[in-house]
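Both backbone and side-chain heavy atoms feed into the values below; hydrogens, waters and symmetry mates do not. Note on naming: letters A, B, ... go to the chains in the order of the sequence lines (proteins, then strands), and numbering restarts at 1 for each one.
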Amino acid sequence: MDDFDIRYTALRRAVIENEFARLNDMQRKAVLKTEGPLLLLAGAGSGKTTVLINRIINLLRFGCGYESELAPDWAGDDELELLAKLAADPDALPADEVSRLCAVDPPRPWQIIAITFTNKAAGELRSRLEVACGEAGRDIWAHTFHTACTRILRKHIGRLGYQSAFTIYDDDDKKRMITAILKDFGFDERRFDPKGVMSQISRAKENLMTPEDYGMDAGDDYYKKTVARVYAEYDKRCRAASALDFDDIICKTVELLQTCDDVREEYQRRFRYVLVDEYQDTNHAQYVLCSLLAGGWRNFCVVGDDDQSIYKFRGATIENILEFEHQYPDAQTIRLEQNYRSTGNILAAANHVIACNRGRKGKTLWTENETGEKIFFYQADNQEEEARYIAQTIHRQYSRGEPLKTFTILYRNNALSNFLQTCFIRSGIPFAVVRGRSFLDSMEIRDMRAYLEVIHNPHDSVRLHRIINAPARKIGARTMEIVAELAAREGKSEFEIIREADRYPQLSRASAQLLRFAAMIDGLRDRRETVPLAELYDEMLKESGYLAALEAQGTDEARGRIESIQELKSNIAEYCETAAAVGAEPSLEGFLEELSLISDVDKYDENADVVTMMTMHSAKGLEFPKVFICGAEEGLFPSYRSMESDEEMEEERRLCYVAMTRAKKELYITCSQRRMLYGQTIYGRPSRFIEEIPAELIREERRQEQLYDGYATRTPHRSASRGAEPPRRDVYRTYQAPPSAAPDFRPGMQVEHKAFGRGVVREVTPMGSDMLLNIRFERAGDKLMMAKTAGQFMKKL
DNA sequence: AGAGTGCAGCAACTT
DNA sequence: GCTGCACTCT
């Protein structure tokens with residue numbers, strides 16, 4: 001290394017560091033450390049995504065050479081001079097000139113793979129990369145584990161003996177199949193609960209255990225031996241149906257890469273840089289997968305936070321992150337501990353809570369942000385009052401000009417969103433519930449998907465069973481039993497038997513119906529490549545008789561189902577548009593794949609001005625200005641299921657930490673003494689997590705005595721715990737009802753609501769100084785709401 | 001054999 | 001509150 005090299009590399013480093021001057025020291029270090037294994041311990045709100053994106057930008061612009069000690073061959077004194085100029089003044093030359101001078105062997109975009117857990121995270125990464133890198137951004141593989149693996153499998157699954165037109169089974173499909181197997185084997189359903197068996201099989205797959213492995217492991221344990229048999233049969237039937245479940249998507253990819261040397265080498269050569277987000281949530285199979293993908297170049301960057309590991313129940317092992325340094329002794333570890341998201345108080349409270357956990361890698365977040373408000377805590381008498389407190393707090397701030405999208409309500413489980421929704425509908429505050437996949441899980445949408453799946457892959461017997469008699473076609477359980485027997489005996493799929501039903505005397509009774517069904521599906525199949533997807537869908541609705549059957553019912557419920565079915569068509573249109581936008585051919589297969597891999601969280605729209613409600617799990621990776629954590633009671637949060645083991649309690653605490661650190665400006669925690677859940681009243685103490693927050697960081701809110709929405713509690717409450725204290729001049733005490741902005745509602749009046757759309761006022765009932773309105777909305781159905789509050793979200797037409 | 005009806009049991013987090 | 005299941009009717 002001569003003097004020129006030393007000067008060149010030093011100047012080059014200075015220039016590149018200048019390019020990332022906006023980052024803090026640790027962030028910059030993480031961006032510039034491109035080669036070799038890197039463990040990035042990134043606390044909540046520490047700018048992790050920014051680092052990931054800048055890391056990729058750095059790779060594409062400047063390549064791997066930051067650590068290089070040698071100047072490239074083409075560099076001469078002219079370049080040195082230019083670099084010196086640049087080092088002194090970063091704006092001296094245009095960006096592409098800077099890249100030209102500093103780039104040392106940059107990767108091609110397709111050599112980079114960034115893996116995330118949720119579609120939302122992947123989508124965000126992709127769109128930010130496209131903004132930053134333009135066209136090149138599109139060629140980077142920024143996907144979820146499942147999408148990336150599906151892409152690999154579509155190409156190579158033939159090597160494992162599957163057809164490439166495979167189908168993805170979700171938990172419901174899986175459960176149906178396992179229930180059927182248990183029944184066929186004659187096992188007592190009480191003893192072998194399908195759900196338990198399911199999770200056993202999942203666990204096995206997550207640990208890359210085949211049915212044989214599981215059987216060996218079972219020893220003399222009758223339960224486990226039985227599960228092993230069911231697992232083997234399940235695997236057999238999935239193969240016959242050409243179906244993969246969620247766990248298979250990962251572990252079949254691992255199997256593929258492990259057994260086919262050429263395929264593994266292809267990807268190992270290809271992926272020069274492998275980045276994995278949320279590494280603390282990976283399970284064993286995902287860990288092996290990552291190791292395989294990164295095994296060629298070993299430029300393996302994992303990002304995670306042991307304190308935010310909340311998917312242990314799904315098989316995630318925090319060990320993956322804790323062991324990273326042992327697995328790669330040459331790994332560098334960088335901690336990002338400065339939080340840019342939350343106020344000092346919120347962060348301090350969260351730090352205190354998480355500090356109660358043992359077995360942490362240990363890090364303490366700090367922030368330069370302002371101290372901010374204390375944590376608001378409110379203990380309600382019952383859940384209606386709790387909901388009302390939340391609604392009123394939001395409404396009060398809304399009347400002062402705060403947009404509704406500022407607020408997000410988080411809860412431990414979806415059941416809690418019910419009473420919140422009731423309250424918000426009543427007060428007319430627009431809201432959106434982000435739920436796992438409520439729309440996609442409704443019966444009619446499942447049926448529609450099943451039709452499309454069978455058109456795509458007729459061997460898919462689980463979906464076939466679902467639709468064969470929906471609508472009723474006089475093909476009952478007995479007939480399908482015979483079909484299944486014949487299929488097993490002849491080594492064919494059930495659909496193939498149905499297609500030739502007239503050849504089997506056992507089926508004579510139903511053969512005409514079966515043949516008609518097969519002809520309908522085959523007819524649609526023939527057109528699936530030629531007819532546009534949306535049209536194919538329409539023809540399917542018509543030819544299957546599904547739509548007609550619903551129309552014939554004529555009930556409100558049926559009308560709602562028809563709406564959902566039509567709604568799915570907008571999903572199809574949307575899919576076709578996005579596919580076209582990236583230059584891909586829209587296909588039935590592609591659409592189905594998208595359906596099976598998406599969830600509602602992906603559709604969370606941060607721009608709509610509504611209050612958002614979601615589970616704490618869904619909130620991971622998101623941030624909101626003002627957050628309510630509700631239902632903070634022992635038994636609910638932490639859940640009673642987690643009380644038995646320390647490990648599970650620690651996971652609950654991490655969940656609490658995740659929830660708290662979502663808040664940027666204000667954090668409210670509420671609980672209720674009484675709660676109706678699953679039809680029973682339960683009494684709960686405030687969550688232990690609240691006690692773990694130092695008292696001086698908490699501001700306890702009073703019970704409200706003045707209510708303005710017509711739903712006043714019968715008796716004014718006096719909080720027993722604070723009886724002796726002098727009454728504080730609290731916002732709630734002085735809070736007056738907002739001036740009545742409500743127009744004078746009358747029955748028959750046409751209105752338009754911000755969230756529910758157009759409707760007609762059907763009934764007006766005076767209640768105190770307010771009015772209860774009964775409005776029939778065109779799309780949203782009948783709603784009850786109070787005029788004063790709802791009026792602000794509604795206008796007369 | 002299939003369709004319709006009444007009743008019991010159940011209810012987390014996510015891809 | 002909803003779903004799956006057993007039972008009865010056609």
Side-chain angles (χ1 to χ4, degrees), chain A residues 115-122 143-150 168-172 174-176 179 183 189-190 193-195 199 202 205-206 244-251 278 281-283 285-286 309-316 410-419 422 434-438 440-443 446 468-482 506-510 513 549 557 593-602 614-621 631 635-642 648 651-652 654-655 658-659 676-680:
Chain A
I115 308 178
T116 63
F117 269 83
T118 64
N119 291 299
K120 179 151 172 55
H143 292 302
T144 63
F145 270 103
H146 291 83
T147 314
C149 287
T150 306
I168 299 170
Y169 276 179
D170 66 17
D171 282 359
D172 186 79
K174 191 172 164 185
K175 194 173 156 203
R176 277 166 187 269
T179 311
K183 206 168 180 181
E189 270 197 46
R190 284 170 188 277
D193 167 42
K195 278 194 163 175
S199 70
S202 271
K205 289 185 178 177
E206 279 154 8
L244 299 186
D245 64 26
F246 284 128
D247 305 310
D248 286 329
I249 293 176
I250 310 293
C251 67
E278 309 278 18
D281 288 332
T282 49
N283 60 35
Q286 287 161 332
S309 158
I310 54 175
Y311 286 111
K312 197 159 174 286
F313 70 91
R314 204 170 69 186
L410 303 180
Y411 32 78
R412 180 66 176 86
N413 62 43
N414 274 309
L416 280 185
S417 81
N418 260 335
F419 73 97
T422 313
V434 176
R435 220 196 147 155
R437 358 189 319 144
S438 53
L440 296 168
D441 283 339
S442 64
M443 190 181 93
R446 292 189 146 281
I468 189 104
N469 206 29
R473 294 190 179 89
K474 300 198 185 296
I475 304 173
R478 181 75 197 114
T479 302
M480 287 311 286
E481 233 170 77
I482 298 169
Q506 304 96 306
L507 292 172
S508 60
R509 255 172 194 270
Q513 308 289 351
E557 196 192 9
E593 190 174 301
E594 189 174 283
L595 277 188
S596 36
L597 299 178
I598 61 167
S599 70
D600 281 3
V601 188
D602 307 325
M614 65 176 85
T615 63
M616 300 182 199
H617 280 89
S618 306
K620 171 127 170 264
L636 217 65
F637 185 47
S639 81
Y640 70 92
R641 288 166 205 254
S642 63
E648 286 185 56
E651 176 138 319
E652 293 284 299
R654 289 193 292 269
L655 183 59
V658 167
M676 263 286 258
L677 206 61
Y678 309 136
Q680 285 181 61

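In this structure, of dA12(B), dA3(B), dT15(B), it is dT15(B) that holds the atom nearest to the side chain of Asp171(A). Side-chain proximity of Arg478(A) to dA3(B), dA1(B), dT14(B): nearest is dA1(B). In this structure, the nucleotide among dA1(B), dT15(B), dA3(B) sitting nearest to the side chain of Arg509(A) is dA1(B). Comparing dA12(B), dT14(B), dA1(B) by their closest approach to the side chain of Ser639(A) singles out dA12(B).
Computed from coordinates, the Leu410(A) CG to dA12(B) P distance equals 18 Å when rounded to whole Å. Rounding to whole angstrom units, NZ of residue Lys195(A) and C1' of dT3(C) are separated by 11 Å. Protein atom CD of Glu648(A) is 12 Å distant from nucleotide atom C1' of dA12(B), rounded to whole Å.
Salt bridge Arg176(A)/Asp172(A): present, at least one basic N to carboxylate O contact under 4.0 Å. Salt bridge Asp248(A)/Lys174(A): absent, no basic N to carboxylate O contact under 4.0 Å.
Along DNA chain B, the nucleotide nearest to His146(A) and the one nearest to Lys474(A) differ in position, and the one closer to the 5' end is contacted by Lys474(A). Each of Met480(A) and Asp247(A) was matched to the nucleotide of DNA chain B holding its nearest heavy atom; the match closer to the 5' end belongs to Met480(A).
For Thr479(A), a side-chain nitrogen or oxygen approaches OP1 or OP2 of dG2(B) to under 4.0 Å. Within the structure, every side-chain polar atom (N or O) of Asn283(A) is placed at least 4.0 Å from both OP1 and OP2 of dT15(B). An OP1 or OP2 oxygen of dC13(B) is reached within less than 4.0 angstrom by no side-chain nitrogen or oxygen of Ser618(A). Close to dA12(B), at under 4.0 Å from its OP1 or OP2, lies no side-chain N or O of Asn414(A).
A donor-acceptor pair is defined here as one N or O able to donate and one able to accept, closer than 3.5 Å; such a pair exists between the side chain of Arg473(A) and the backbone of Ile468(A). Proximity of a side-chain donor or acceptor of Asn469(A) to a complementary backbone N or O of Ile475(A) within less than 3.5 Å is detected. Checked by atom type and distance alone, the side chain of Glu652(A) never pairs as donor or acceptor with a backbone atom of Ser642(A) at under 3.5 Å.
Within 4.0 Å (heavy atoms only), Phe145(A) reaches no atom of the nucleic acid at all. As judged by a 4.0 angstrom heavy-atom cut-off over every strand, Ala477(A) is placed among residues touching the sugar-phosphate backbone only.
The base of dA12(B) lies close enough to the side chain of Arg412(A) for a donor and an acceptor atom to sit less than 3.5 Å apart.
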